[in-house]
Structures are given as structure tokens and as C-alpha cells.
Amino acid sequence: MLRLYDTATGEVTEVGLRAPGRASLYVCGPTVYDAPHLGHGRFSLVFDVLRRYLLFTGLDVTYVSNITDIDDKVIERAASAGTTPSELTAHYEQVWWEAMDALGVLRPDEVPHATAYVARMVDAVAELVDRGVAYETSDGVYLSVADVPGYGLLARQPLESLRAGARVEAGEEKRSPLDFVLWKKAKPGEPTWPSPWGPGRPGWHTECVVMSLDLLGDGFDVHGGAIDLIFPHHENERAQAVALGRDFAHHWVHNGWVTVDGEKMSKSLGNFTSLDDLLSRSDARAYRLLVLRAHYRSPIEITPDTVAQAEAQLARLDELARRFELADPLEAAAFVVDAGPTGVEERDEAVARFRAAMDDDLDTPGALAAVFELVRRANTVADASGAEAARPLAEAVAEVCAAMGLRLRRASEELDDETAALAAARDAARAARDFARADSLRDELTGRGWLVEDTPEGTRVRRP
RNA sequence: GGCGGCGUGGCCGAGUGGUUUAGGCAGGGGCCUGCAAAGCCCCGUACCCGGGUUCGAUUCCCGGCGCCGCCUCCA
């Protein structure tokens, strides 16, 4: 059974499921006011891997991830771009899904949009006011965190300690600097929805509480997001759920940063890279592999060097797929499910090692180590006893990679006529034992950017 | 000021109180090959510093040093 670090307790504990055989996950999605960057890519990949692994173990998984399509940034960006918030968010949501598709991230089962949930958010805020834990000011409605038992649980800091560091804006009417806005009264020119407090729009933290509980119900299993969402976003979500008397997420999972030169990549530091930049200059699978190579809670450094290392690693896997002409399990189905032991002992043990690593707080580096050991074994057995003897091992590599969403590529490149002719000429020269000519033809091919290999079937060229 | 994380061999990156090792990339030697490539085999006496606990610490404790993060509606 899967064990994961739980931010709420600070310990790695078993992920208890609300309903046997069924897992429910809510992952905070993007605010669609700009193109996605590497950080968005990482959290999407981390939770895609978690989801795929749960599916692999045979669970029925419901995965919900939202789109935030109304907030200050959306309004500001739309204004400066001379467009409307809804046009802006429609555009960037499309960009978002294109990037997710490129990364091989499965679409969520449900994608709630904040703007579609405003009425239900108003209901929730009204109930918080009724319960006496929220109050109205001249500019909105706020939650009184002092009235929420256990506030600071996720931040792992007591209320007083958080208060000491909180920034206080001049002219605020909040009772405590930590109180956060549930409803913002409209300023001129802003999109609005009706409410008991006049026209306005919801605060950010409310949507995820309302949408997750609506779609997954009380006591859903896992709530995830990137580490920066712990405080205040998730803390404040939880605070509302507690104040509403609802049973909220049972396990909190957060992934680590993408860093650049050892520093957190962030917009304010101006050191962020868009996902498109990376995908345009590297194999999209390399980013998934880069994410898998590090533990999900560790920071990962994305540099041209680490990307190149991941691509070299990928080449080793692809080479195996080519050697065995492996079918891609993700060609036939969106995800793979473990069919259980096959009776081929070495294969079954390797899959068990893979699962043990994944069960141990999603230890993907360990899982990858099991994969590469299996790659070596498959090649060794094939060298000694032929490809058929090693086939179950090689197929297990593809299967287990697919369980992490990593697809292997066996297709050789399309050859243009000239290249194919050079390769054929080289085969003829070798057959005639005219090695000088064969070597010069290889140089010719190499000069055109091909890597030349001899196989039992003759010259094979591929891109390095 | 409060809270937390990290410091592993050329690089990336796991892990562990001591028996034989993560894994990948790069590098060296070998097998294979007409020569290569791919694949396979072998190779690096790594764990920030100083104390302490211990028969024994990279792993536990304390103290340093260095780096990073959160306490701001950043993934």
C-alpha cells in the first residue's frame, strides 16, 4: 500500500482510502493568465505520476484539478492586453492543455472552473458569516482565523508565530493581519457576481474548498499542489472547511521547487522558463524523466546539462525498445494496470521492486534504479540467450515506464532517399569487404548528422 | 524575528549505524566488431567542518559554516 508524506503531520504515512479500491484526488490547477512555466510542468507531472501509479495498482481513481479563471492577475492582464478576462482565460486555458498534452499528462476526470462555482462560493461564504467566523468590512468579507481551531497546521507554525511575521497593509480593516478575503467587493470595471454583500467576486482560497467538496465529497483522500501553496492557500482552504464543519482532505501532498542556479524559479525573480521554451528544444519525455529522477519533494535543477543527461538516459531506454521492437503500452490505452505476476521470476521480482519503491513515498529515483537494472538484465540475457528469452524482461521495462507515464520510442527515423541510398551503398561495400569505401560512406552519413550502426540486418542510421 | 529544508564521488541524484553495491550521465580499461556504434564486464577507496553517543557514524545528538525556502492571492 502506498505511503506518502503528509504535510499536515510531517510524517510518511499510509494513504488511507475513504472507500476501498477507490482513490479521490484534488490537485490545485493553474490560474490561466499566462503561459505555463517549468513549475507548472513539474507539479502536473508529479501528480500525473501519482495518479498513474494509483491506476497501475488497480485502484479506481477520480482526479479533479481546477482552472482558476478569475482573480486579480486575470483582471490586470486582460486590461493591459486590451481584452476581456474571459477571452484571456479561454486562450491561456487552451495553451495550458496543449502543454499538458505535450507532456503526456492525463486530462483530469473533472476540471471545475472558478467562474462556474461562484454561486456556490457565495453560499459557503454566507454560511461562514452565519456561523460567526467571517465578517464584512467596507471592501469585502473576511475569515477570522483566530476562530478556526488548529490554524497553522499545514504551515507547521502556531498562529502567534505566523502573526508575528505577517505583513500589515495600511488602512486595513481586518481584525487580524492573517484574516483572508472570502469575497471582494467590486471596484469599477471589474467582472462581478451578485452576493448578499453587493456585487463582487470570490477570493482565491474559497474556490478549491467548494469545488473539491462538491465533486469529491467530504473526507476525500488526497489534496495536492506545489509546496508554495501550503501557506497561505491550502492553510486557508482547510480553515474554511474546518469552519464549515466539513471533513476535508485526509492527506496533503506537496511537490518541491524547480530551481535555476540554485534559486527558486519565480516570476518575481524573472528567472523562469516557459514550458514551451523547454519543449521546443528538448524531448518532452526528458522533462518527465528529469522529474522522475529526483524525489518529488526535492528541488530540481533544470539546466541544459541536466536536460542533456536525461535525454542520454532516455536514449538508453529507447535503444532497448528498438532492440526488442517493444510495443508502447500507452498506444493501446491511456494508462496501464498491473496484471500481476507472470511467473517469470526475474520479471516479477523487478516489478515488485518497482512497486516497493513507488509505495515508499513515491520514490521514483528508486523505481528508476529498478528499471535500469532490468534494462541491463534484459540486454544481458538477450546477448547470452537471444532476444526471445529476454523479451519478458524488456516488456516489463516498457510496462513499468508506462506506469509512470514514460513512453519508449522504438520507431526509427524516416529516411530520405539519399540517406537510404548511402546506407545501401555502404552495405554493398561491406559485403564486398571494401572497408575503405564503407568507412567513407559512414563519414558521409555522419557528416549529415546520422549515427551509423551495423546490425544483423545491415546498416542502421539514427539521430544521435 | 519565527519556522523549516538541504550540504553525498567530474555532473545529476537515492540511501543506510558496520556485512558487496543505489541508479543514470560523463571518463578509463576489456569483450564484441573489418574498424566503429549499440550491448555486456571491470574500474572511482563519496558522504561540509568540529565535538559527542557508540565496539563502530556519511547515517543519531550538539555546535559551527555554507546554501535554500516559507511567514507576501508565485506551481
Side-chain angles (χ1 to χ4, degrees), chain A residues 10 27-31 36-44 46-47 68 71-73 152 155-158 160-169 177-178 180-181 184 203-205 224-233 235-236 254-259 262-269 272 289-290 293-295 297-301 303 305-317 319-320 322-323 357 363-373 375-384 430 433-436 438-439 442 446 451-455 459-462 464:
Chain A
V27 175
C28 282
T31 302
H37 55 66
L38 295 181
H40 294 108
R42 183 176 192 191
F43 94 73
S44 299
V46 164
F47 288 101
T68 298
D71 87 339
D72 290 348
K73 293 235 169 59
R156 304 189 67 68
Q157 284 193 65
E160 277 317 307
S161 156
L162 286 166
R163 197 202 305 275
R167 174 178 295 186
V168 181
E169 301 287 341
L178 292 171
F180 59 92
V181 69
K184 293 185 174 193
W204 179 37
H205 309 304
I227 195 170
D228 62 330
L229 294 181
I230 293 174
F231 193 94
H233 185 53
E235 188 76 54
N236 289 348
H254 295 96
N255 66 277
W257 297 117
V258 172
T259 61
E263 281 192 326
K264 171 187 168 186
M265 188 189 74
S266 78
K267 298 194 176 182
S268 56
L269 291 173
F272 71 98
L289 189 53
L290 234 21
R293 272 158 45 116
H295 187 81
R297 286 190 279 117
S298 301
I300 49 173
E301 178 84 5
T303 65
D305 194 46
T306 59
V307 172
Q309 285 186 11
E311 287 185 313
Q313 212 167 344
L314 218 39
R316 182 163 161 77
L317 294 171
E319 189 57 40
L320 185 87
R322 240 181 251 118
R323 179 174 191 180
D363 175 17
T364 53
L368 237 26
V371 168
F372 280 99
E373 278 164 14
V375 169
R376 180 162 40 77
R377 285 299 301 156
N379 280 316
T380 300
V381 171
D383 285 350
R430 292 188 68 229
R433 301 195 66 79
D434 181 356
F435 296 121
D439 287 349
R442 176 163 57 199
T446 303
L451 203 65
V452 180
E453 296 182 351
D454 296 337
T455 72
T459 294
R460 194 187 110 204
V461 300
R462 63 182 175 94

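Every chain is numbered from 1 and lettered A, B, ... according to where its sequence line falls, protein lines coming before strand lines. Here the structure is a predicted model, which means the values were calculated and not measured.
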Drop me the distance from A:E301's CD to A:T306's OG1, to the nearest 0.5 angstrom. 7.0 Å

For B:U72, the Watson-Crick or wobble partner whose two distances fall under 3.5 Å: none

If you define the side chain from C-beta out and look only at heavy atoms, does anything of A:D454 sit under 4.5 Å from A:R430? yes

Would one find a side-chain N or O of A:S298 under 4.0 angstrom from OP1 or OP2 of B:G5? no

Sticking with atom C1', work out how far B:U16 lies from B:C60, rounded to a whole angstrom. 12 Å

B:G23 pairs with which nucleotide, Watson-Crick or G-U wobble, both distances below 3.5 Å? B:C12

Would you please name every residue forming a side-chain contact (heavy atoms from CB on, under 4.5 Å) with A:V181, sequence neighbours left out? A:Y142, A:K184

Applying the Watson-Crick and G-U wobble criteria at under 3.5 Å, what pairs with B:C47? Answer none if nothing qualifies. none

What residues form a ring-ring contact (aromatic ring centres under 6.0 Å, His included) with A:H254, not counting sequence neighbours? A:H234

Give a yes or no on whether a salt bridge exists between A:E319 and A:R322, defined as a side-chain N under 4.0 angstrom from a carboxylate O. yes

Using the 3.5 Å cut-off, write out each protein N or O paired with an N or O of nucleotides 1-3 of chain B and the distance between them.
residue: B:G2; atom: O2'; partner: A:S161; partner atom: OG; Å: 2.7
residue: B:G2; atom: N2; partner: A:Q157; partner atom: NE2; Å: 2.8

Quiz item: A:R430 side-chain donor-acceptor pair to B:G34 base, under 3.5 Å: yes

Can you find a pair of side-chain heavy atoms, one from A:F47 and one from A:N255, that are under 4.5 Å apart? yes

Give none if B:C6 has no partner; otherwise give the nucleotide forming a Watson-Crick or G-U wobble pair with it, both distances under 3.5 Å. B:G66

For A:F435 and B:G34, do the ring centres fall under 5.5 Å apart while the planes stay under 30° apart? yes

Tell me whether the side-chain N or O atoms of A:R460 pair up with the base of B:A37 as donor and acceptor below 3.5 Å, since no angle test is needed here. no

Residues forming a side-chain contact (heavy atoms from CB on, under 4.5 Å) with A:A369, sequence neighbours excluded: none

Reading nucleotides 22-28 of chain B from the 5' end, what letters show protein touch, with B for base, S for backbone sugar-phosphate only, - for no heavy atom under 4.0 Å? BSBS---

Can you tell me the pairing partner of B:C32 across any strand shown, Watson-Crick or G-U wobble, with both distances under 3.5 angstrom? none

Which residues pass the side-chain contact (heavy atoms from CB on, under 4.5 Å) test with A:P158, sequence neighbours left out? A:S161

Walking RNA chain B from its 5' end, the first of A:K73 and A:T455 to be reached, judged by nearest nucleotide, is A:T455

Could you work out which one of B:A38, B:A75, B:C73 sits closest to the side chain of A:E453? B:A38

Less than 4.5 Å apart, side chain to side chain, heavy atoms only: is that true for A:L38 and A:I300? no

